[in-house]
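Okay, structure first, notes after.
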There are 2 protein chains.
Amino acid sequence: MSEKVTIYDIAEKLNITAATVSRALNNNPKIKQATRELVIKTAAAMNYKQNKLALALKSGRSNNIGVIVPRIDSNFFASVIRGIEEELYPHGYQVIICQTHESIKRENENLHTLVDAQVDGIMMSVTGISDENDSAFRNVLEKNVPLIFFDRSKHIDGVSSVTINDFKGGYLATKHLIDEGCRNIAHFSGDQSLDIFKNRFLGYKQALLDSGLDFKEEYVIYTKSSVDAGKESVDKLLQLQTPPDAIFSSSDFAALGAIQELKERNISIPSEFCVAGFSNEPFTKFMELSITSVDQSPLEMGRMSARVFLEQVDKTDAIKIEKKVVLAPELHIRKSSTRTNF
Amino acid sequence: MSEKVTIYDIAEKLNITAATVSRALNNNPKIKQATRELVIKTAAAMNYKQNKLALALKSGRSNNIGVIVPRIDSNFFASVIRGIEEELYPHGYQVIICQTHESIKRENENLHTLVDAQVDGIMMSVTGISDENDSAFRNVLEKNVPLIFFDRSKHIDGVSSVTINDFKGGYLATKHLIDEGCRNIAHFSGDQSLDIFKNRFLGYKQALLDSGLDFKEEYVIYTKSSVDAGKESVDKLLQLQTPPDAIFSSSDFAALGAIQELKERNISIPSEFCVAGFSNEPFTKFMELSITSVDQSPLEMGRMSARVFLEQVDKTDAIKIEKKVVLAPELHIRKSSTRTNF
DNA sequence: TACTTTCGTGTAATCGATTACATGAAACAT
DNA sequence: ATGTTTCATGTAATCGATTACACGAAAGTA
């Protein structure tokens, strides 16, 4: 039987109306117990399945939420999504995935598509900053769709966010390098218009100053998050008059590239040069020369985003809460930066 | 304005009926050119957005497709999903993600939920084999929802699949180890009720036989896909009367564990012992001692699955095609198994 | 007995779009 | 002038479920 069974079919069979069937199935207290049981039994016998689309149209709620990420095939984003899915699953929400591929045009398209698809909420990591095109975001908020940023966030009224304390992450990593005896610490940063990179940078700077070390502009390299970019950046650094003796990289991939390039040049790690990364990608732990990195607890970030959404979704429009959750980063100290016994 | 604009609003403003508006917006040829233009202009001015839920209810098509994977935070599955999303995006489909966490109960729940949500198709990597509970799958097929297996597949009539040639993958890896001079090659396998593990094993066995080497039952270890499991398995192997001098592992993670354990015991790789894995996880390439592995081209697998779905979705029920796509595995030879110059 | 509640169910509108069929006007043919 | 097409639009049903309101019967009250 591939025929779809509706409440009308059940009603017809029992010689009652669809309204009664609907009420019986929805535990409406006005229904006689006998009728309810009969309806429920019949529905089961006929293999009735509620049509969610009809329900969604009537209620205006699709029970879908949208997640927008730059790309899904990175351990960090995949883990966040895992967290979101796990937290939302018991509540009956389905998770729709969109990728921006770091394109703002695509980001806007995704936002519109999700709103058009009547998702009940959107969680996203923004792809970059462009001041004027807030229109797509505003459109979301005007439609009263809860919007939550995770990790990469923007400052928009009415939008909650779940981030980690990137400043502290940068500070911890840098402080650790200093404690290991490094005195000329360089920094790989990313697009400074994104808060995450800005704050990691500021944490780095503050750690230097707090320890009485000079901050040198030339030690800061703005680089992409890739192995090759890391190699090139090390190359630049080593050409300086006073080359650094450590790098705090905002990207694990760039950190890996740096390490590969340093090895190539027979600079020994960690005795001559220390490296710390950011994100705690799986490979940092697996390397023979394991890489020190700042963990962002992506699973928890996803779970927390979902929880913030759940809080938000039931509130009436009047009580708009704007929640800013900041998770604590955790420094995983590994061989790439450990001169003392390990 | 957060008010939703419907075709009725447009109709009212223009003193025409909603039917005309609908036709104008859908390029129905029966509509006067002047009317069409007026409607389109007015719709744009009023910021009209088609209600996809209403459309979905009317048409019975949600424009969503469901993807079920054991978990999303593995590079392989994330990459497949990426491929699916990229291929389907231009066609206007949204991708809904479900995780089974290797639980059959969860798998069945997911299947039912997706069918209830009226997805237009389901792509999945099955979580395991249990002969009787085909009911969830049958339910999908009875509802005429195209179902496509990728990577881990089951034999069910009417279901298309996209897999790689696991036999060949196992054969290539094993043959390579033999060519490097290994003579006692062990194998880490997984749940043999899953075709992928069965076939990798069979490829391994065939390669041995073709090269005139003995197949030894004791060299085959059924192990989980984890670093620790790899360590333990090596431990077992080394206690054998004739310990092996190579491992072909169906899992990169187990291969990594094996390598770590071998190093611990000062067995040098690749000169004394060679290792090859499966899946080409990112870390296999990043290691200082990079790990030989069989690539499954997950991105291509995802794209191909999406294409098979697209072919299927437009066919009438009568012309049910059952397509079996088998992709070629590619052996990436790296340091962990290269005794010759590299 | 007559009047008011309460209870269980039916009626019909609604969510927003699509579409088979109906209709009236204009255009064309004879 | 009358009959026939053609064209553009309106009418109303439909997708499947929910729900405000209506209503008759049963139960309770005076």
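Because only heavy atoms are used, hydrogens play no part in the values below, and waters and symmetry mates are left out as well, while side chains stay in. Each chain gets a letter, A, B and so on, in the order the sequences are listed, and its residues count up from 1.
Across the protein-nucleic acid pair, I10(B) atom CD1 and dG16(C) atom C1' stand 12 Å apart, rounded to whole Å. In this structure, N51(A) atom CG and dG16(C) atom P are separated by 17 Å, rounded to whole Å. Atom CG of N28(A) is separated from atom C1' of dA20(D) by 12 Å (rounded to the nearest Å). Regarding K49(B), its NZ atom lies at a distance of 13 Å from the P atom of dA17(C), rounded to whole Å. If you measure from atom CD of Q50(A) to atom C1' of dA17(D), you get 7 Å, rounded to the nearest angstrom. Note: NZ (K4(A)) to P (dT14(D)) measures 19 Å, nearest angstrom. As rounded to whole Å, 15 Å separates atom P of dC7(D) from atom CD of Q33(B). One atom, NZ of K143(B), and another, P of dG16(D), lie 13 Å apart when rounded to the nearest Å.
Residue K52(B) is out of contact with every strand shown, counting any heavy-atom pair closer than 4.0 Å. Among the heavy atoms of the strands, none lies under 4.0 Å from S59(A). Residue N26(A) is in sugar-phosphate contact alone, with no base atom involved, counting any heavy-atom pair closer than 4.0 Å across all strands shown. Using a 4.0 Å heavy-atom criterion, one finds that T17(B) contacts the bases of the nucleic acid, with or without backbone contacts as well. Using a 4.0 Å heavy-atom cutoff across all strands shown, T6(B) reaches sugar-phosphate atoms only and no base atom. Nucleic acid contact class of K58(B) (heavy atoms, under 4.0 Å, all strands): base. Looking at heavy-atom distances under 4.0 Å, L53(B) makes no contact with the nucleic acid at all. At the heavy-atom level, L57(A) lies under 4.0 Å from base atoms of the strands shown. Within the nucleic acid shown, I7(A) comes within 4.0 Å of at least one base atom, counting heavy atoms only.
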Exercise for the section: In sequence, state the C-alpha distance, the side-chain angles, and the governing distance for F309(B) and D120(B), and then conclude on side chain to side chain contact (heavy atoms under 4.5 Å, CB included). Expected result: CA-CA 9 Å; F309(B) 160 74; D120(B) 297 337; 4.2 Å; yes
Practice task
With side chain to side chain contact (heavy atoms under 4.5 Å, CB included) as the test, would you mind laying out the steps for H155(B) and D195(B) before giving the verdict?
Solution key: CA-CA 10 Å; H155(B) 301 284; D195(B) 280 352; 3.0 Å; yes
Exercise for the section: Give the intermediate values and the outcome of salt bridge (charged side-chain N to carboxylate O under 4.0 Å, His left out) for residues E311(B) and R307(B). Expected result: CA-CA 6 Å; E311(B) 282 178 23; R307(B) 264 178 247 141; over 6 Å; no
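Between E102(B) and R152(B) there is a salt bridge, since a side-chain N of the basic residue sits under 4.0 Å from a carboxylate O of the acidic one.
Closest to the L55(A) side chain, of the nucleotides dT18(C), dA17(D), dG10(C), is dA17(D). Closest to the side chain of Y8(A), out of dA17(D), dT9(D), dA17(C), is dA17(D). When distances are taken from the side chain of K32(B) to each of dT9(D), dA17(C), dT9(C), the shortest belongs to dT9(D).
Contact check, S22(B) against dA17(C): no side-chain N or O comes under 4.0 Å of OP1 or OP2. The side chain of T20(A) contributes an N or O atom lying less than 4.0 Å from OP1 or OP2 of dG10(C).
At distances below 3.5 Å, not a single donor-acceptor pair connects side-chain atoms of R23(B) with backbone N or O atoms of N28(B). Under a 3.5 Å cut-off, the side chain of S125(A) and the backbone N or O of F150(A) do form a donor-acceptor pair. In this structure a side-chain-to-backbone donor-acceptor pair under 3.5 Å is missing from S22(B) to A18(B). The backbone N or O of T127(B) lies less than 3.5 Å from a partner atom in the side chain of E107(B), making a donor-acceptor pair. Within the 3.5 Å criterion, the main-chain N or O of L53(A) finds no donor-acceptor partner in the side chain of K58(A).
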N/O-N/O pairs, protein side and nucleotides 20-26 of chain C side, under 3.5 Å:
residue	atom	partner	partner atom	Å
dA20(C)	N6	R23(B)	NH1	3.3

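Side-chain atoms of M301(A) and F76(A), non-hydrogen and from C-beta on, do get closer than 4.5 Å to each other.
Over its full length, the helix from dT1(C)-dA30(D) to dT30(C)-dA1(D) turns its helical axis through 60°, comparing axes from the five pairs at each end and rounding to 10°.
Between T35(B) and A54(B), the residue whose closest nucleotide on DNA chain D is further toward the 5' end is T35(B).
Crowding of K13(B) atom NZ: a count of heavy atoms from other residues, nucleotides or ligands under 6.0 Å not exceeding 12.
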